[in-house]
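Contents: one structure, followed by commentary.
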Amino acid sequence: MKIKIDLNGTKEIDVEKGTTALEIFTHLNPQSNRKPIAARFNGSLIDLSLPIEDEGILQYVTFDDEEGKFVYWHSTSHVMAQAVKRLFPDAKLAIGPAISDGFYYDFYTKKTFSPDDMKKIEKEMKKIIKEGQSFERTVISKDEAISLFTEEKENFKLELINELEGDISIYKNAEFVDLCRGPHVPRTSYISAYKLLSISGSYWRGDEKRESLQRIYGVSFETKEELKKHLHKLQEAKERDHRKLGKELGLFSTMGEAGPGLILWHPKGATLRRIIEDYWKDEHLKKGYELVITPHIAKSGLWRTSGHYDYYLENMFTFKINNNEYVIKPMNCPGHILIYKSKIHSYRDLPIRYAELGTVARNELSGVLHGLLRVQEFTQDDAHIFCMEEQIEDEILGVLRFARSIMNTFGFQNLNYELSVRDPDNKDKYAGFDKDWEKAEASLVKALEAEKLDYKRMEGEAVFYGPKIDIQMYDALGRKWQGPTIQFDFNLPGRFDVTYVGKDGNQHNVFIVHRTILGSIERFIGTLIEHYKGDFPVWLSPVQVRIMTITDKSIDYAERVNNTLIPHHFRTEVDKRNEKIDLKVREAEKERIPYMAIIGEREEKENTVSIRERHRKNRGSFSIVDLIEELNEKCKKKT
RNA sequence: GCCACCGUAGCUCAGAGGUAGAGCAGGGGUUUUGUAAACCUCUGGUCGGGGGUUCGAUUCCCUCCGGUGGCUCCA
């Protein structure tokens, strides 16, 4: 019996009932530079080897599709698990999904995997792939699944099965069987280039109270070239690592003596920070923010009022003085609210925008600390907007535009927007009134739409006290980093009784919008270092110009040139050491200094400098005036 | 916090049951140099801290400190 298959609008064909997607593909062999990995039939992903029984729309999924990669990686994770089971039969299977950059599989075993084992596993995978085993999908009942995996002694799988309802699909290739939704590539031989990348620990279901598992990460591609390219990208990321560059460029360090997750800013890092902070303050003043400063410590009563003492205590540093308990502030909000409440506000005062580069301390689990990205003391570029309901739309729009322009200035043109809203089925777990949530959400949506921004709606991702917009930026390597957030707060206004006097003479609750643009100065600088690979644009460079002498004879002239530049507020250095110019150039290049002004007898005679720009080699002779102009231009344009 | 791995000079790393080396950096000299490393010479380390095993430990074991990779992206 024939059935009609619509090849996603390109063609319609009649095939024998029970034909597989793979057979159709091989039969038609349509133009495609990628062979398919899976298929989409009437909207759902299926195996290429699944017999098609009804008519419908068939689409092929290749490695170029997100889903194709996932199927491919997921199949590779099965092959890896199979190899592990062959080598270490005691290992129990946990889960092995595809992830954004490859796959992993978790195992429970007494043996600890070593890097050597990874090589052995890779070798075994090669065999399995060579064997060209087919992935066979079978659908069985829950009872059958239970007896199968009891026999296999896979108790983690059993736990999963017990939570599933209805029929259960399993995939089998040779001796290996796994509980799996699928789909998979038709045969193990589809996997060509793969590599196991790392081993780490994890918990069964991410629960620290459950079994500790060992996780093996890997990645795979259809060609060796793609794998090579991917590994190259990982290498590139390693070279950009802000911890490595931070050390090399003398920006910051962490020292065990100081404590974990605490940053020591060296002069160059502190300079970079100062430039960013000065720029930040200037821009905020221009946008109608008022700068405030609140204390680093406060009595714990304040944190009881705010509620942090109840749900955030384990992250707070506390200490006692004369029987009074104090908290080192983990957030700036209560301080800003106290400033607001220091007097009665009329509707005429609103909106009020308080901004602070507020340094906060948070006690983090030691294992999560990471360079500048996750620390225990950091400076938030925090601001709180106190406004009336009718002002929220304008305020949100203002913040959104502001955040965008600042991100663009720092070289992040590519941004990703997420709107986190309430879980509609669970409305009572949130603080605040329904109408406020609705109003707030509408204002966030309106701002995003007014700016014609694509955004992802994250249902149920809002925190309990209000909806928010999160913005992520993509760096030069295409990696995503957390950036600005704009967040409503329906909790604190009530707790602190934050009000204004309206036109009607009555007190009304204010809307509080909490927002940060850089997030934390520490983390932001970490992302900047990696984004620019340490090659900061002139306006951000801790040292903008290094003047270097060819011989001692030019020291006086070098100092004169330097004294001409200093009044223009350029950050300069003079390298007058008795060293060869080659060495001075080499060091300046390595230190990523954007401008090298080389000075010898010739330059002194002509009243010029010879300019070499970072990565651009010798640009020849410049008058001091021309140099100043070029530098000014770059600083002004922030390039 | 938990799992795994790591910790040797300021930095990058080598070494090994008999108390340690290299390069760079740093000091001192020579050299006065034209766009990514001139030459000579010297200094430098309770081998992360503490405890144990041993005739002997930096090496083996325990513990603490610090770092690295991870700890649902859900069969």
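Order of the sequence lines fixes the chain letters, A, B, ..., with proteins taken first and strands second; residue numbering starts at 1 for each chain.
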Partner of [N] by Watson-Crick or G-U wobble geometry, both contacts under 3.5 Å, or none?
N: B:A4; answer: B:U68
N: B:C55; answer: B:G18
N: B:C47; answer: none
N: B:U30; answer: B:A38

[X] side chain near [N] phosphate (N/O to OP1/OP2, under 4.0 Å):
X: A:Arg577; N: B:A37; result: no
X: A:Arg612; N: B:A36; result: yes
X: A:Tyr217; N: B:C71; result: yes
X: A:Lys580; N: B:U35; result: no
X: A:Arg215; N: B:C71; result: yes
X: A:Ser366; N: B:G1; result: yes

Candidates [options] - which lies nearest the side chain of [X]:
X: A:Arg586; options: B:A36, B:C71, B:G34; answer: B:A36
X: A:Ser212; options: B:G34, B:G1, B:C3; answer: B:C3
X: A:Glu579; options: B:C2, B:C74, B:A38; answer: B:A38
X: A:Ser100; options: B:C73, B:G69, B:A38; answer: B:C73

For A:Tyr104 and for A:Lys617, find the nucleotide of RNA chain B with the closest heavy atom, then tell me which residue's nucleotide is more 5'. A:Lys617
Is there a donor-acceptor pair under 3.5 Å between the side chain of A:Lys142 and the backbone N or O of A:Leu164? yes
Can any side-chain N or O of A:Asp475 pair as donor or acceptor with the backbone N or O of A:Gly478 at less than 3.5 Å? yes
Applying a 4.0 Å non-hydrogen cut-off, can you work out what [X] is touching in the nucleic acid: base, sugar-phosphate, or nothing?
X: A:Ile168; answer: base
X: A:Ile95; answer: sugar-phosphate
X: A:Lys584; answer: nothing

Gap in Å between the two C1' atoms, one belonging to B:U41 and one to B:G34, rounded: 28 Å
Using a 6.0 Å cut-off, check whether atom NZ of A:Lys172 has over 12 heavy atoms from anything other than its own residue. no
Charged N-O contact under 4.0 Å between A:Lys456 and A:Glu418: no
From A:Tyr105, A:Phe113, A:Tyr104, residue fulfilling side chain to side chain contact (heavy atoms under 4.5 Å, CB included) relative to A:Ile216: A:Phe113
